[in-house]
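Notes to accompany the following structure.
Both ligands and their constituent atoms are indexed starting at 1 by order of listing.
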Amino acid sequence: MSYIKNLEDLTMNGPTQKDKNARRSILLSFDKAIASVDPYKSVSSRISDNSIFQMNKSIELSDFEEIFVIGAGKASGMMAKAVEDKIERISEGWVNVPAKTEKLVDLSKIRLNPAGHPIPDEGSINGAREMLRILSKADEKDLVIVLISGGGSALMEYPMEGITLEDLREMNRLLVLSGADIREINTVRKHVSRVKGGRLAEAAYPARVVSLIISDVIGDPLDTIASGPTAPDETTFQDAWEVLRNYSLVERMPQSIIKVIKDGVEGRIPETPKPGDPIFENVTNMIVANNLKAVQAAEGVLRSLGYSTLVLGSRVQGEARHIGKMLAGLASSIRNEGIPLSPPAALLMGGETTVTVTGKGVGGRNQELVLGAVRQVAGLDGVAIASIGTDGIDGTSEAAGAICDGHTLERALSEGLKPEEYLKNNDSYSFFSWLGDAIITGPTLTNVMDLMGVVVED
Ligand SMILES: Nc1ncnc2c1ncn2[C@@H]1O[C@H](COP(=O)(O)OP(=O)(O)OP(=O)(O)O)[C@@H](O)[C@H]1O
Ligand SMILES: O=C(O)[C@H](O)CO
Ligand SMILES: [Mg+2]
């Protein structure tokens with residue numbers, strides 16, 4: 001099954017045969033990459049009829065009296081389906097997923113509960129409360145499987161005493177728009193929550209906990225992914241206070257949030273559980289899919305197609321349009337000097353760029369990255385540059401990303417489309433959908449950030 005619905009059209013959009021070949025190759029590699037981080041397969045491959053496999057050891061399911069399943073995230077519904085298909089003896093399960101996606105998966109033992117994303121809603125709180133109810137009855141003879149994926153912070157939330165849902169929603173809105181990065185945002189979230197920053201593991205103790213995690217954060221930091229519900233938290237109330245101060249949020253933050261963080265700083269609320277806390281002796285946190293796995297799957301495809309391929313890691317950050325321009329420069333260097341590789345060659349990387357949105361247009365960081373490359377790559381034959389969000393939704397658009405080649409600029413100008421105008425208005429989706437170069441997948445139900453690549457034909 002191809003995730004990229006318009007792969008053939010995107011390929012045929014290349015004016016020369018070399019452009020077509022380059023386009024097809026990069027798109028095939030992205031398709032395989034998304035398949036490699038499919039949430040169902042990523043979980044199912046870790047479970048046999050009686051064990052959950054970690055690297056060099058396994059957790060025997062027969063050791064436990066009862067098995068419970070909880071969790072939250074955009075991919076957690078399909079993860080739950082894999083658990084239910086593999087494990088007979090599930091006593092009870094409750095997993096929060098984005099509203100409407102609960103209908104996409106048919107489960108009989110695990111309850112998929114619609115919740116709010118990117119801002120928490122009533123469902124986020126009701127679901128978290130049910131998970132805490134389940135944990136209150138799990139004891140040392142039982143196993144709790146926790147299914148965690150991107151979006152989990154908003155989808156599963158149970159705030160500290162005195163914080164209303166309205167306050168929580170306002171806090172998330174202010175944080176997401178503040179310019180703080182996800183580690184800073186989740187530092188605050190962890191310190192006003194009863195289920196984040198290792199507190200879900202605290203609630204599960206003394207039951208055995210195995211968390212299966214799909215990472216949507218650069219470097220896969222366990223205490224940041226979905227705000228680390230079962231991971232030791234390295235951040236403190238003081239850190240949370242500093243985030244509010246650094247982004248001038250103190251005056252605008254609801255008073256109930258300020259009060260909790262101040263109480264924590266002054267020691268009136270216990271800190272989140274830290275590394276070394278005995279509760280984590282019962283906890284295994286397992287990354288079952290991440291950006292690096294996807295990038296390496298794409299690398300395998302390009303190598304099998306005969307391209308010498310260089311992977312530039314899975315931790316790329318920076319303003320999207322600048323990264324696009326840099327990729328175009330690398331494509332030009334491969335085409336003209338054979339540096340860092342001689343053609344046929346490919347470069348791949350993963351991560352999460354950012355966009356400073358000032359315009360009123362429609363787009364996303366992947367489409368904006370490719371738009372940033374269009375002028376710089378103009379004139380090069382047999383070159384394709386593409387970027388895709390692995391969750392299938394790039395920003396405010398319906399596209400997952402975009403693709404361009406050395407003739408995209410002349411095609412655009414002949415249609416009266418100037419890249420700089422569309423960059424200025426953050427309107428990358430309009431630009432690429434007009435040219436038929438927007439990559440369409442629909443929601444992929446996984447989320448391991450973005451993939452970017454360059455292919456240069458012989
Ligand atoms: N018109 C636009 N053009 C380019 N980028 C945009 C535009 N509008 C929003 N963005 C960027 O898109 C980002 C959100 O995109 P998106 O929802 O794909 O991210 P995400 O990582 O998939 O989020 P999540 O994992 O929470 O779903 C915003 O942080 C913003 O910077
Ligand atoms: O939910 C969250 O906190 C983000 O998706 C990072 O995992
Ligand atoms: Mg997205």
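There is a side-chain donor-acceptor pair under 3.5 Å between Arg189 and Asn186. Side chains of Thr446 and Thr390: a donor-acceptor N/O pair is absent below 3.5 angstrom, by distance only.
Judged by the shortest distance from any of its heavy atoms, Lys74 lies outside the 4.0 Å radius around the atoms of ligand 2.
The residue Leu155 has no part lying near ligand 2, judged by heavy-atom distances below 4.0 Å.
Inter-residue side-chain proximity for Val97 and Asn113 is flagged as unmet; no heavy-atom pair is nearer than 4.5 Å. The shortest side-chain heavy-atom distance between Leu165 and Ile125 falls under the 4.5 Å cut-off. Residues Lys190 and Asp223 form a side-chain contact, since some pair of their non-hydrogen atoms from C-beta on lies under 4.5 Å apart. Side-chain contact check for Arg208 versus Thr284: some heavy-atom pair is nearer than 4.5 Å. Looking at Met78 and Val105, their side chains come closer than 4.5 Å, going by heavy atoms from C-beta outward. Side chains of Pro229 and Val195 form no contact here, defined as non-hydrogen atoms less than 4.5 Å apart. When side chains are defined from C-beta on, Trp241 counts as touching Ile258, because their heavy atoms get closer than 4.5 Å.
Residue-ligand proximity, Asn186 to ligand 2, at heavy-atom distances under 4.0 Å covers atoms 3 (O). Remark: ligand 2 atoms within the under-4.0 Å shell around heavy atoms of Ala226 are 1 (O), 2 (C), 3 (O), 6 (C), 7 (O). Within the listing of ligand 2, atoms 3 (O) sit less than 4.0 angstrom from a heavy atom of Arg189. Taking every heavy atom of Val217 and a limit of under 4.0 angstrom, the matching atoms of ligand 2 come to 6 (C), 7 (O).
Not one N, O or S atom of Gly364 sits under 2.8 Å from the Mg ion (ligand 3). Within the 2.8 Å limit, Asp394 places no N, O or S atom next to the Mg ion (ligand 3).
Annotation: atom 7 (O) of ligand 2 to nearest protein heavy atom, Asp216 OD1, 2.6 Å.
Of the candidates Ser153, Gly150, Ser215, Gly228, Ser153 brings a heavy atom nearest to atom 3 (O) of ligand 2.
When only interatomic distances are considered, the shortest N/O to N/O separation between Ile182 and ligand 2 does not fall below 3.5 Å. Among the atoms of Gly151, some N or O lies under 3.5 angstrom from an N or O of ligand 2.
Within 4.0 Å of ligand 1, contacts by protein heavy atoms are made from Lys74, His117, Glu352, Val355, Val357, Gly361, Val362, Gly363, Gly364, Arg365, Glu368, Asp391, Ile393, Asp394, Gly395, Thr396, Asn426, Asn447.
The number of heavy atoms from other shown groups lying within 6.0 Å of CD (Glu92) is above 12.
Ion pairing between Arg173 and Glu170 holds under the 4.0 Å rule for side-chain N and carboxylate O.
Under the side chain to side chain contact (heavy atoms under 4.5 Å, CB included) rule, Leu451 has a single partner from Asn366, Ile26, Leu348, Asn291, which is Asn291.
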